[in-house]
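As structure tokens, the structure follows; a few thoughts come after it.
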There are 2 protein chains.
Amino acid sequence: MKKTIFIFSVLIAALLILFQLSKYSLISGNTSLEYIIAGIAVVFFFVGLYINKRRKTHVNISQKEEIDIQKIDALGLSKREYEVLCKLAKGHSNKEIASLLFVSESTIKTHVSNVYTKLDVKRRTQAIQKAKELHILPFS
Amino acid sequence: MKKTIFIFSVLIAALLILFQLSKYSLISGNTSLEYIIAGIAVVFFFVGLYINKRRKTHVNISQKEEIDIQKIDALGLSKREYEVLCKLAKGHSNKEIASLLFVSESTIKTHVSNVYTKLDVKRRTQAIQKAKELHILPFS
DNA sequence: AGTCAATTGGTACTTTCGTATGAGTGTATT
DNA sequence: AATACACTCATACGAAAGTACCAATTGACT
């Protein structure tokens with residue numbers, strides 16, 4: 001919001017400056033007027049490009065990083081369960097996840113079952129689907 | 001490419017028309033000149049917005065629909081194997097896929113195994129990961 | 001006609017996954 | 001101190017998934 005206000009302030013300022021320039025050019029002669037108009041067109045064309053670029057990339061970032069955390073504890077997923085879910089979604093087996101997190105396979109099975117209950121799914125492939133839909137994964 | 005050339009042609013034409021308008025305004029009086037300059041600024045600002053929007057959405061579409069087919073048979077995946085892969089990625093079990101495609105579970109197992117070989121993976125969760133990386137799925 | 005690939009299906013076996021149940025430990029909250 | 005919760009682990013059983021074979025059928029191409 002702050003940035004939008006700032007950009008529009010700059011736009012208005014630029015417009016005023018260009019008005020002043022055009023008035024001076026009327027005194028000095030009409031030949032340079034066309035260049036000034038062309039300049040205005042080019043400047044505002046690129047301002048349009050820039051504004052849109054800013055907006056789009058900002059939206060993308062917010063979708064990737066902000067939505068995560070709220071939904072995770074809205075589902076009641078604990079820290080450890082979420083870790084397991086991430087490894088699971090990367091394609092690891094229970095045994096592999098156990099190695100990665102330095103615990104037994106039994107522990108992983110418990111966590112995985114709890115994750116399924118909380119996500120309301122029956123299989124790990126469904127868990128991956130659901131997690132992606134909810135945008136609670138740090139990748140993809 | 002054609003569209004880009006067309007758009008820039010329109011831009012140049014618009015610029016020339018605005019030059020003509022500005023010349024007429026000099027004859028009729030100086031008060032309306034400021035409005036014309038403001039008009040030019042606004043028009044080119046929105047042109048900039050529009051161009052960028054076009055470009056971005058076009059990139060998105062090409063990433064969703066064009067990349068698919070080439071990679072599928074680059075991997076050597078048959079029509080049926082690809083169908084099975086899609087159902088699999090949606091979270092269906094072998095039995096469910098069998099029902100959906102009106103064949104036996106044995107058949108699905110055969111297809112699934114072949115898919116794993118061709119995608120060079122060991123588990124169905126890895127197959128989903130790989131398929132998503134390769135953008136060969138009709139969703140997500 | 002013969003070859004090849006795709007599709008279908010089966011048996012048999014191993015591995016992984018998922019559920020149920022119980023239980024010990026540690027930490028934080030009341 | 002007592003309760004609640006997260007994390008850990010184990011056992012046992014059943015259900016999926018995955019592998020390794022083999023085999024019949026069909027359509028396309030030579």
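Just so it is clear, the structure is predicted and the values come from calculations on it, not from any experiment.
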DNA chain C nearest-nucleotide lookup for Leu77(B) and Thr107(B): closer to the 5′ end is Leu77(B)
Length of the OH-C1' vector between Tyr82(A) and dC7(D), whole Å: 19 Å
For Phe139(B), does the CZ atom sit with more than 12 other heavy atoms under 6.0 Å from it, leaving out its own atoms? yes
For a quick check of understanding: with a heavy-atom distance under 4.0 Å over all strands, which category does Ser104(B) fall into, base, sugar-phosphate or nothing? sugar-phosphate
Distance in angstrom units between Leu101(B) CG and dA6(C) P, rounded: 17 Å
If the sugar-phosphate is the primed atoms plus P, OP1 and OP2 and the base is the rest, what is the B/S/- string for nucleotides 11-30 of chain D, using protein heavy atoms under 4.0 Å? B----SBBB-----------
Within less than 4.0 Å of OP1 or OP2 of dC7(D), is there a side-chain N or O belonging to His111(A)? no
Between C1' on dC5(D) and CG on Asn114(A), what's the gap in Å once rounded to a whole number? 12 Å
Separation of dA6(C) atom P from Ile108(B) atom CD1, nearest Å, is 16 Å
Test: Lys130(A) and Glu133(A) ion pair at under 4.0 Å: no
Could you tell me the separation between the CZ atom of Phe102(A) and the P atom of dT8(D), rounded to a whole number of Å? 12 Å
Could you tell me which non-hydrogen atom of Leu88(B) sits nearest to which non-hydrogen atom of Tyr116(B), and how far apart they are? CD1-OH, 4.1 Å
Would you find more than 12 non-hydrogen atoms of other residues, nucleotides or ligands less than 6.0 Å from Lys90(B) atom NZ? no
Under a 3.5 Å cutoff, is there a donor and acceptor pairing between the side chains of Thr107(B) and Ser104(B)? yes
Determine the sole option in His111(B), Lys87(B), Arg124(B) for which the side chain to side chain donor-acceptor pair (under 3.5 Å) test with Asn94(B) is passed. Arg124(B)
In whole angstrom, what separates Lys79(A)'s NZ from dC5(D)'s P? 17 Å
